[in-house]
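Before any comments, here is the structure.
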Protein chains: 2
Amino acid sequence: MHDHAGTQAGSGGCGHHHGPEEALARAEAVCRARDLQFTRLRRDVLEVVASQARPLGAYDIAERLSATGKRVAAVSVYRALDFLTENGLVHRIASRNAFVSCGHAHSDGAGLVFLICRSCGTIDETTSPEVEDGLGRTLAKLGFKPASRILEVEGECGACLERAAAED
Amino acid sequence: MHDHAGTQAGSGGCGHHHGPEEALARAEAVCRARDLQFTRLRRDVLEVVASQARPLGAYDIAERLSATGKRVAAVSVYRALDFLTENGLVHRIASRNAFVSCGHAHSDGAGLVFLICRSCGTIDETTSPEVEDGLGRTLAKLGFKPASRILEVEGECGACLERAAAED
DNA sequence: CTCACGATGTTACAGTGTATCAGCGCGCAA
DNA sequence: TTGCGCGCTGATACACTGTAACATCGTGAG
């Protein structure tokens, strides 16, 4: 439904996508530290997700994994994604029903800001103490005790803005 | 799948839910001003959504409307919801795949913060210049040009916190 | 009247996510 | 070694969310 802009997307220089090696290494470390099983399926799912700077749907992931021979059902992918999200290794993008691998190494998944580029489709992940402070004050004023939150911004990333400017 | 905590929820005093009359009045004004049709179906959908402080799924809405006699298909509800969201009369809660009526009268739907209570399920809607400023600065630093955003916070609302404290 | 156009009705279907049960691998205790 | 428990995976079925396509209806303009 939404596939263009090349198959690897990251190669264009949009945002800063970290690639699978780093993600896999961090996953191994996390699982070892928490005494969790980093099984083959979980590894494969993470590898596919981390190979893209664009978010992938669960069914996309299942299809890509199945393409390499052995069929993988979507339900298995969902279970692997549950595991990976619970451990902060991938994040769910609520506005797209899709998943991206975690770029930074922040301990928990709190306080993230996702930047989704309308042009190239890449997702950049950042943190913002300014936003955190402001939100904390606003919530405190209202007497609301936060437990989790999502903040997703859609727009044009710097690389795409530059490219558009250069084309004039 | 997810229905409990009473049918009206708003009666408990959680948050400040405005009720259908105000929402309908605003909708009429908006549609008159923009020369849009505030049809029966759109009115009915908005009334159902506004009668709840909790978010309703499109199929929930269809069911409630159908319960009053005439059957309403989900697809019709979706079309009405599209119209209402485009005109800022209801908002979509991405983390729940559900809809709430707009409480405030801000012209456009930008810059909103949704507060979702885990205990009573009500949704409160607010704005935060502090968050806006912080986010604007953070995005500017990264060279990202925002077009739209969603910010949804899940936690415990003030009323539920007080109720919990009183029960000790 | 007729035509254009937007709103609605209806059916079918695509996409997203979960429930359930069965089988498998592996460590561990008897 | 055997048997058991437990977590992971496979597989089917299903529920929930959303859209496409086309027919119909009502209303206002010409």
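So that the names make sense, note that chain A is the first sequence line, chain B the second, and so on, each numbered from 1.
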Distances under 3.5 Å only, N/O to N/O: pair up the protein atoms with those of nucleotides 26-30 of chain D.
none

Taking N or O atoms only and anything under 3.5 Å, show me the protein contacts with nucleotides 11-13 of chain C, one pair per line.
none

B:R137 vs A:E130, salt bridge (charged side-chain N to carboxylate O under 4.0 Å, His left out): CA-CA, chis, key distance, verdict: CA-CA 8 Å; B:R137 275 195 297 273; A:E130 297 177 282; 2.5 Å; yes
Applying salt bridge (charged side-chain N to carboxylate O under 4.0 Å, His left out) to A:E47 and A:R40, what does each step give before you reach the verdict? CA-CA 10 Å; A:E47 185 171 21; A:R40 180 65 197 267; over 6 Å; no
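One can place CG of B:D82 at 15 Å from C1' of C:dG6, the figure rounded to the nearest angstrom.
A close approach under 4.0 Å does not occur between any side-chain nitrogen or oxygen of A:N97 and OP1 or OP2 of D:dT17.
From B:S76, atom OG reaches atom CG of B:D44 across 11.5 Å, with rounding to the nearest 0.5 Å. In this structure, A:N87 CG and A:L46 CG are separated by 11.0 Å, a value rounded to the nearest 0.5 Å.
With ring centers used as reference points, A:F99 lies 6.0 Å or more from A:H91.
In this model, no side-chain donor or acceptor of B:R79 finds a partner on the base of D:dG18 within 3.5 Å.
Of the possible polar contacts, one joining the B:R42 side chain to the B:Q37 backbone as a donor-acceptor pair under 3.5 Å is found. Using modelled atom types, no side-chain atom of A:T85 and backbone atom of A:V90 make a donor-acceptor pair closer than 3.5 Å.
Mapped onto DNA chain C by nearest heavy atom, A:A58 and B:F83 fall at different nucleotides, with B:F83 at the one closer to the 5' end.
Nucleic acid contact for B:R92: sugar-phosphate only, since backbone atoms but no base atoms lie under 4.0 Å from a heavy atom of the residue.
Scanning for ring-ring contact (aromatic ring centres under 6.0 Å, His included) contacts around A:F144 gives an empty result, with sequence neighbours left out.
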